[in-house]
Amino acid sequence: MGDMSGPHVIRGSVSLPEAELMWRFSRSSGPGGQHVNTSDSQVELRFDLARTEALPDVWKQRALERLAGRLVGGVLAVRASEHRSQWRNRETALVRMAALLAEATAPPPRPRKARKVPRGVNERRLREKKARGDTKRGRSGRDWG
């Protein structure tokens, strides 16, 4: 895993603003052995998407629309508890948050332009139709016996 100090890049030159990340630690239901009931290894990372200034406006609008179902009062929350160490859970949460935001802020895909169907494709389709018809014709047991 990377070092905690490095900024987690969302896309391009935009990264998660360290100052705007809110961390909460609690006891995890994940692995931990005898150590599990004493250590706060579950990590919850929250990021106020509605109020942030770190994202370009277009991105922010996009993210607010696409993540609408996940936001609670404009705040995006990510949990991680699969590792025993809090530090690794923090890393996991950061990576997850960055990935979520990267996906949510991505530009919409280009609309597909209609193009002419290539001749080969069409010919193949017609050949397959013909073959299928022949197969079916062969099934009616007229010429037997």
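These values consider heavy atoms only, across backbone and side chains, with no hydrogens, waters or symmetry-generated copies.
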Return each pair, listed once, that meets side chain to side chain donor-acceptor pair (under 3.5 Å) where at least one residue sits in residues 62-74; pairs must be two or more places apart or across chains. none

Flag if over 12 foreign heavy atoms under 6.0 Å of CD, Glu20: yes

Between Asp48 and Leu76, is a side chain to side chain contact (heavy atoms under 4.5 Å, CB included) present by the stated rule, with each step listed? CA-CA 6 Å; Asp48 195 337; Leu76 179 63; over 6 Å; no

Closer than 3.5 angstrom, by distance alone: can the side chain of Gln86 be matched with the main-chain N or O of Phe25 as a donor-acceptor pair? no

Under 4.0 Å between a Lys/Arg side-chain N and an Asp/Glu carboxylate O for Glu82 and Arg96? yes

Let me confirm one number: the CD-CD1 distance from Glu103 to Ile10, rounded to the nearest 0.5 Å. 13.0 Å

Asp57 and Lys60 ion-paired at < 4.0 Å: no

Would Gln42 and Arg79 count as a side chain to side chain contact (heavy atoms under 4.5 Å, CB included) here? Give the steps. CA-CA 7 Å; Gln42 171 168 292; Arg79 267 209 193 101; 3.4 Å; yes

Can you measure from CG (Leu49) to CG (Leu55) and round to the nearest 0.5 angstrom? 6.5 Å

Test item: Val43 and Ser81 side chains (from C-beta on) under 4.5 Å apart, heavy atoms: no

Nearest heavy-atom contact between Ala54 and Pro17 is CB-CG, 3.5 Å

Quiz item: cation-pi between Arg90 and Trp23, 6.0 Å / 45°: yes

Are the side chain of Asn89 and the backbone N or O of His83 linked by a donor-acceptor pair below 3.5 Å? yes

Val78 side chain near Leu94 side chain, heavy-atom distance below 4.5 Å: no

With Trp59, the side chain to side chain contact (heavy atoms under 4.5 Å, CB included) member among Leu64, Thr105, Thr52: Thr105

Keeping to residues at least two apart or across chains, list the salt bridge (charged side-chain N to carboxylate O under 4.0 Å, His left out) pairs with something in residues 122-131. Arg119-Glu123, Arg124-Glu128

Leu101/Phe47 under side chain to side chain contact (heavy atoms under 4.5 Å, CB included): CA gap, chis, key distance, verdict: CA-CA 10 Å; Leu101 286 170; Phe47 175 60; 3.8 Å; yes

Please go through Val121's hydrophobic cluster and name the other residues, only I, L, V, M, F, W, Y counting, with side-chain heavy atoms under 4.5 Å joining them. Val117

